[in-house]
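Order of the sequence lines sets the chain letters (A, B, ...), proteins ahead of strands, with each chain counted from 1. Note that these values count all heavy atoms, side chains included, but never hydrogens, waters or copies made by symmetry.
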Number of protein chains: 4
Amino acid sequence: MTTDTTTASDCAAPRRGRPRSEAAEQAIFAAVEELMAGGTSLPELTIEGIAAAAGVGKATIYRRWPNKEALLVDMVSRMEEPLPSTTGSVRGDLVAMIEYMRLRGLAKRSRWVLKAALGQMHSSPELHAAYRERVIKPRRQAARELVRRGIEEGELRSDLDEDLVGDLLVGPILARSVLWDDSDLEDPALAVKMVDALLQGLGGPAARG
Amino acid sequence: MTTDTTTASDCAAPRRGRPRSEAAEQAIFAAVEELMAGGTSLPELTIEGIAAAAGVGKATIYRRWPNKEALLVDMVSRMEEPLPSTTGSVRGDLVAMIEYMRLRGLAKRSRWVLKAALGQMHSSPELHAAYRERVIKPRRQAARELVRRGIEEGELRSDLDEDLVGDLLVGPILARSVLWDDSDLEDPALAVKMVDALLQGLGGPAARG
Amino acid sequence: MTTDTTTASDCAAPRRGRPRSEAAEQAIFAAVEELMAGGTSLPELTIEGIAAAAGVGKATIYRRWPNKEALLVDMVSRMEEPLPSTTGSVRGDLVAMIEYMRLRGLAKRSRWVLKAALGQMHSSPELHAAYRERVIKPRRQAARELVRRGIEEGELRSDLDEDLVGDLLVGPILARSVLWDDSDLEDPALAVKMVDALLQGLGGPAARG
Amino acid sequence: MTTDTTTASDCAAPRRGRPRSEAAEQAIFAAVEELMAGGTSLPELTIEGIAAAAGVGKATIYRRWPNKEALLVDMVSRMEEPLPSTTGSVRGDLVAMIEYMRLRGLAKRSRWVLKAALGQMHSSPELHAAYRERVIKPRRQAARELVRRGIEEGELRSDLDEDLVGDLLVGPILARSVLWDDSDLEDPALAVKMVDALLQGLGGPAARG
DNA sequence: GCATAAACGAGACGGTACGTCAGGTCTTTAA
DNA sequence: TTAAAGACCTGACGTACCGTCTCGTTTATGC
C-alpha cells in the first residue's frame, strides 16, 4: 500500500538521486492532523488542501501514497501502539484491552482517524482489505489469543467458538467507539462493567434457575 | 434533511403548483439500487450518474435531498421494517432481533446501503445526527425496551445498566455486519449462540467457581 | 415575431375562455424597465427574473413572445414614435431627424433597449431580420424619403446614390449613439453642425481650389 | 482582462511552475473559429463546447479569460492589423482607411468576431470599456490623426471639430459594416465615393448658391 | 569535483463531478 | 381557457479536485 523506501532502508540497491525528504513526510502528517483538528470533515480533506497546508507539492504526496485513503490508513497503522497486555489474570487483560480501546475511542487525536478510515474503507475493496489486514486483524488476533489463554486457564468457557467469544467481548466497545456517540465512552468503569457482565452472564433468576 | 412531502401528506395548505412526481422518486431509488448492484463503489456513485440512470434531471434530485448522503440515509430509513418482535419469551425476542439484524446484514439488497450510510455518515455532523436519529436510535430503543421487559420478567439481571445490557447484546452483531467481513454472518445458528452465550455468561469454571 | 392577439382585438371569433390579462402585459413591460433601470445587464435579464419581478408565471410570458429577444424587439418597436417630419426646408427636416436620434440615444429610458436589441440581434438571423424590418428599415426609409425630396428641391446633389447619401447622413449619429460613448451626444448643436458640415463638404482650400 | 503571458514575455520574474501551453491557446482559437464557421450562433457558442472542440479542459480556458466575451475581445484585438496608412495624399489615406474597414467588414473570417464583440459588448461595462480601449479607440485615433494632417495640409476644412470630422468619415462605413446588411459593402468603389462625396459636400445647387 | 539522477515547490494539463441557474414545457388548482 | 405556481428535463455555468505532467531548483551520491 505504501512505498517501501522508508521501511526498507537496508535495501541493497544504492538508490541514486536525491533521497526522499523526511521533513516533507512529517509536514504532511502534521498538516493532516492540523486540518482535521481544525474542523475539516473527511470529504473536505483534499490532497490539494493537504499539500497547501504542508507547503508541499502534490506530487510529493502522490509519490508516497496512491490516494488519500492510503495515506489515512498509513497514519492509522502508525498510530497503533502495542496492546499493554502484560497483566496477570485473563480477566485483567480483557479489562485492559477494552479500556485501551475505550481510551483510543475517546482520544481526540486518534478518534477522527479511526472513524475516517472505518468510514471510508468501504469505498474500495483493496483499501478495505488493507485496513482489515493492518488494523482490525491484529486486534481480533489479540482478542482471540486472550480468549484462548482464558479457556486454557479455565477463566473462560471452553464449549464456545473462540471467534464468537472474541467478538462478544470486542463488539460492544467497538460499536460504542465507532458507530455511536462519544458520550457512551465516558464512564471510567466501563471496561470492568462490560467484562464482568459478560463473564457472569446477563441472565436473570428466571434464566438461571 | 429530507423532504416533508411524504410525511406531511396531511398538510392543510393546498400546495399550489405542479406536485412532485412520485414516478421520478421511484426512478431515482431504482437507479441507485441498480447502479450499486452493478458494482459501482460508493464514491463512484455520483449524483450525475444517478440522474442519468434514472432519466431524471439533477435538479429533481437536489430538490428532494441536499446531497448524496441524505439520499442514502433516506433510502435506509425507508427500508427499515418493523422488528418482528411478537414472540413469546424475551429470549426468543432477542434471538429474533439479532437474527433480523443478521439477515439484514447478509441481504444483498440492503447491505451496501447500510454500509454506505454508516461509512459516510461521519462526514458531516448533521448527517450523522440524522442517521442516528432515524436508524440507530429506533434499534437501540427497541433493544432497550426488550431488555426492560426481560428484567421485569426476571429473564435478565436487574443489577445492570439497561443501556449497557442492550449494547452487549446488539454490539457484536452490529460489528460483524458493518465493520467486518460478511462471512462472519453465515452461520444460521449465530443468533441463538450469541444470545445463549450472553445469557449464560462467558466465564469458565475458574470464574464461576 | 410577436403574437397578434393584442392588436387583433377585433377578431371575429368569440375567443372563449378567460381573456388574456392586459394587466399582466403591462406588468411585464414595467418589470423589464425596472430591472434594466436597476442596473441589470442584458444577459442577467432572464425570463425567470422578469416573471418573478412582474408577479407573473413564466408561461404567461412564453404565451406572448417566443423568447427574451422577441420581447425586447417588441418593446423597442412600441417605443418608436413617428418622426416629427413637419418642418419646412429639407435641411430643417434633416436636422430634426438627427436631433431626434440624438435625443433617443441620450434618453435613459430607451437607450438600453436600443443597445440591447442591437447587441443581441446578431444572435439569430430571424431576430436580426425582425429588428431590421421593424426598426432600422423605417428609419432608413424616412431618411431616403427626405433625401429624395432634397434632391428634387435642389437642396441636395442629384449625382449621388440616394442610399449612399442617406447613410452618410444617418451613419455618424447612429455610430455615436450605439457604438460609442454617450458623452459624444451631449452637444445640443450637434445635429446642426453635422448637417451643415455634410452639406457644405469637409474639403478645405486645397481640395476646393 | 487578458493574460500578460504573451505581452509580458520579457518579465523578469522566473514564472515558477509549469508554463502555460501555447498549443492549448492556439487550439482554443482554432476551435472558436471552426465552431463559428460551422454555423454556431453566438449564444450557442459555449465554453463547454469550445473546450470539447479544442480537446482542452474548461479550466484551461478559464485560466486565461474570465468569460466568453473576454475571449472574443482578445481574439478581435489579436486580429487587428496595422492600418496600411502609407499613401501620399490625405484623400488617398482616407480612402485606404475606409476601404480597409470595408474589406474587414466583408471578410468572412473576421466579420463574425467583429459583430460578436460589438453585439455582446454592451452586456458588461468592463468588457465594453476593454473593447473600446483596444479596438475602437485606436481606429478613431488613427482617423483623428489623419484629419489633423488633412487640416494642416489644407485638404480638410479647419473650422470644424476634429472629432466631428473623424466621425463623419468613419461613422457611415462602421454603420454599414456592423449594423446593417453585408450587401451594402459590396461596391468596390464605395470608399472613393464616400470620401469624395464627403469632401465635396452633399449640398445641391440650392444650398450651394 | 562534477556529472547524474531523483526528489523538491510550483502550477498547468485534460478530466469529472459538483451544486446552481435558466431555458422552455407540462401539470396542478383557482378564477 | 387563461392565470399563478411550481415541478419537470436539459444543459451550460464557473469551481474544485483529481491524478499526471512539465518546469527550474535543490540535494545527495558515484564516477
Side-chain angles (χ1 to χ4, degrees), chain A residues 5 14-21 23-24 43-52 54-64 66-68, chain B residues 5 14-21 23-24 43-52 54-64 66-68, chain C residues 5 14-21 23-24 43-52 54-63 66-68, chain D residues 5 14-21 23-24 27 43-52 54-64 66-68:
Chain A
T5 46
R15 307 285 285 108
R16 307 222 316 177
R18 177 174 174 176
R20 294 207 180 150
S21 155
E44 288 168 12
L45 182 73
T46 64
I47 293 278
E48 203 127 340
I50 296 171
V56 144
K58 279 199 291 177
T60 302
I61 298 182
Y62 281 112
R63 212 172 281 123
R64 289 167 165 77
N67 47 50
K68 183 173 67 176
Chain B
T5 46
R15 308 283 286 108
R16 306 224 305 185
R18 178 172 173 176
R20 296 212 177 143
S21 155
E44 288 168 12
L45 182 73
T46 65
I47 293 277
E48 204 125 344
I50 297 171
V56 144
K58 278 199 289 177
T60 301
I61 298 181
Y62 282 113
R63 212 173 282 125
R64 289 168 164 76
N67 47 52
K68 183 174 66 178
Chain C
T5 46
R15 310 283 284 104
R16 306 218 319 171
R18 180 171 171 176
R20 290 206 182 156
S21 156
E44 289 169 13
L45 182 73
T46 64
I47 294 277
E48 203 127 333
I50 296 170
V56 144
K58 279 199 289 179
T60 302
I61 298 182
Y62 282 112
R63 213 170 281 124
N67 47 51
K68 182 174 66 176
Chain D
T5 45
R15 304 284 285 106
R16 309 218 300 182
R18 178 172 174 177
R20 298 218 176 137
S21 156
E44 288 169 13
L45 182 72
T46 65
I47 293 278
E48 204 126 343
I50 297 171
V56 145
K58 276 198 292 178
T60 301
I61 298 181
Y62 282 113
R63 214 172 278 125
R64 289 167 165 76
N67 47 53
K68 184 174 65 176

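- The 5' end of DNA chain E is approached more closely, in terms of each residue's nearest nucleotide, by B/Tyr62 than by the other of B/Tyr62 and C/Glu48.
- Between the NZ atom of C/Lys68 and the C1' atom of E/dG23 there is a distance of 10 Å, given to the nearest Å.
- Atom NZ of B/Lys68 sits about 7.5 Å away from atom OG1 of B/Thr46, to the nearest 0.5 Å.
- Between atom CG of residue C/Asn67 and atom OH of residue C/Tyr62 there is a gap of 8.0 Å, rounded to the nearest 0.5 Å.
- Between B/Glu44 atom CD and E/dC18 atom C1' the separation is 17 Å, expressed in whole Å.
- Every residue meeting the side-chain hydrogen bond (donor to acceptor under 3.5 Å, both in side chains) condition with A/Glu48, not counting sequence neighbours, appears here in chain and number order: A/Lys58.
- If you check E/dC18, E/dG24, F/dC13 against the side chain of C/Ile47, the one that comes closest is E/dG24.
- Shown here are the side chain to side chain contact (heavy atoms under 4.5 Å, CB included) partners of A/Ala24, two or more places apart in sequence or in another chain: A/Ser21, A/Val56, A/Thr60, A/Arg64.
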Original post:
Using a cut-off of 4.0 Å between protein heavy atoms and nucleotide atoms, how would you tag nucleotides 5-10 of chain F 5' to 3' with B, S and -?
Top reply: BBBBSB

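- Atom CD1 of D/Ile50 and atom C1' of E/dG15 are 18 Å apart (whole Å).
- Nearest heavy-atom pair across C/Gly57 and C/Ala51 is C-CB, 4.1 Å.
- Atom CD1 of B/Ile61 and atom P of E/dG19 are 11 Å apart (whole Å).
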